[in-house]
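Only one structure is covered here, and it is reproduced in the block below.
Computation of the quantities below employed the complete heavy-atom set of this structure, encompassing side-chain atoms and omitting hydrogens, waters and symmetry-equivalent molecules. Every chain is numbered from 1, with letters handed out A, B, ... down the list of sequences.
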Amino acid sequence: MMNHEHFARKIASYFDGTLRDGEKTEFEAYVGTHSDFAEYFRQKEAEQNSLKLRVPNCALEEDTAERLESEVREAINNLFRNDDAKLSERLGSWLKERL
Amino acid sequence: MRKKDLFTLIQPLLPRCHSLAYCLLPDDLQAQQLVIDAFTQCLLKEKHVWLTREWDDKDKKSQVQQRKTFLKSMFRCLVDLGVRRAAQISTPYEGQEFRQFYQMDPRTRAVAWLRFQQNWPLEEIERALGMKRYEVIEKVHNARFLMMGQPPHWMPTSREAQV
């Protein structure tokens, strides 16, 4: 029972991949050799998988996507426009120096 | 990189960016604005990098890599900006389905979204959001317990609190 508690505390770390290699092997061996703990582990695994459903994954609606895309296009255009303006400014001063 | 290429790189990332933004600010318009602002900030910060990068229409592997890189910078800007904005404007979540999720603080929500919805490993979250390892672990653990309706391991249970 003591061992059950010890390994039960490691379940979350096992899911997050934060156990060291040795600990991971020891944990998997314990699950593989203790059927009652394996059942508890599977229950925790199902809970872990259900977490995805508790986190929103807001789907982008068509009109929102269109609006977002057009705003992004504009931001890109502005970025290039500023760059082009700076380029012509630089070219202008370069020409002034030469003429 | 040309204008067209930059848009091609960014367009497929918009739904995911919007989804993360909505986790930070549960209001459609505010989430949209957050994506635009974070995008502008991200481009301005790394403008020289993106304008000088090559985009090969045929090299799918390089496209995937470039998108991954851009997405990480974008997520960093989104979370930093979104956390600050969430502290300034109150955006209550009106629904019931994700009530427990929206009771957590915005940065924990972002970490939970990356870990549980996108299945990112902890070290990727750590690198993308510029957080310390222990902070990411703490937020993932707290989010796991709070979303399951249990107190985190460090919080006393109601019976323990009474004693």
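When heavy atoms are compared at a cutoff of 4.5 Å, B:F39 approaches chain A solely by way of its side chain, counted from C-beta outward. Of the two parts of B:L14, the backbone and the side chain both hold a non-hydrogen atom closer than 4.5 Å to a non-hydrogen atom of chain A. No part of B:P121 comes within reach of chain A, as not one of its non-hydrogen atoms sits under 4.5 angstrom from that chain. Interface residue B:R133: only side-chain heavy atoms are found under 4.5 Å from chain A. When heavy atoms are compared at a cutoff of 4.5 Å, A:Q48 approaches chain B solely by way of its side chain, counted from C-beta outward. Using a 4.5 Å cut-off between heavy atoms, B:N119 makes no contact with chain A at all. At a 4.5 Å heavy-atom cutoff, the contact between B:I137 and chain A is made by side-chain atoms alone.
Rounding to the nearest 0.5 Å gives a distance of 6.5 Å between NZ of A:K44 and CE of B:M148. Between atom CD1 of residue B:I10 and atom CG of residue A:L68 there is a gap of 11.0 Å, rounded to the nearest 0.5 Å. With rounding to the nearest 0.5 angstrom, the CH2 atom of B:W113 is 6.5 Å from the CG atom of A:N57. With rounding to the nearest 0.5 Å, the separation of CZ in B:F116 from CG in A:N49 is 11.0 Å. Note that the NE2 atom of B:H141 and the CZ atom of A:F15 stand 11.0 Å from one another [nearest 0.5 Å].
With sequence neighbours left out, the side chain to side chain donor-acceptor pair (under 3.5 Å) criterion links B:Q32 to A:R67. Among residues two or more places apart in sequence or in another chain, the side chain to side chain donor-acceptor pair (under 3.5 Å) test is passed with B:Y102 by none.
Contact annotation: the side chain of A:V72 never approaches that of B:Q11 to less than 4.5 Å [non-hydrogen atoms, C-beta and beyond].
Of all the listed residues (A:P56, A:A75, A:S50), the one sharing the greatest number of non-hydrogen pairs under 4.5 Å with chain B is A:P56. Contact tally against chain A (heavy-atom pairs below 4.5 Å) for B:Q117, B:R109, B:Q118: the top residue is B:Q117. Contacts with chain B were tallied for A:A65, A:C58, A:S13; A:C58 has the most, counting heavy-atom pairs under 4.5 Å.
Within 6.0 Å of CG on B:D57 lie more than 12 heavy atoms contributed by other residues, nucleotides or ligands. Counting non-hydrogen atoms of neighbouring residues, nucleotides and ligands closer than 6.0 angstrom, the NZ atom of A:K10 exceeds 12 such neighbours. Under a cut-off of 6.0 angstrom, the local environment of CZ in B:R53 is crowded, with over 12 non-hydrogen atoms contributed by other residues, nucleotides or ligands. Summarising the local packing, CD of A:E23 is surrounded by more than 12 heavy atoms from other residues, nucleotides or ligands at distances under 6.0 Å.
Note on residues 64-80 of chain B: pairs passing salt bridge (Lys or Arg N to Asp or Glu O under 4.0 Å), not counting sequence neighbours, are B:K72-B:E124, B:R76-B:D80, B:D80-B:R107.
Using a 4.5 Å cut-off between side-chain heavy atoms of Ile, Leu, Val, Met, Phe, Trp and Tyr, with links allowed through other members, B:W120 and A:L53 fall into different hydrophobic clusters.
The two residues B:F7 and A:E69 make their nearest non-hydrogen contact at CE1-O, 3.6 Å.
The interface of residues 81-99 of chain B with chain A, defined by heavy-atom distances below 4.5 Å, comprises B:F98.
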Quick one, B:K3 with A:R73, criterion side chain to side chain contact (heavy atoms under 4.5 Å, CB included). Give me CA distance, side-chain angles, the key distance, then yes/no. CA-CA 8 Å; B:K3 273 189 228 181; A:R73 265 184 219 278; over 6 Å; no

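The backbone N or O of B:I36 sits nowhere less than 3.5 Å from a side-chain atom of A:E71 that would complete a donor-acceptor pair.
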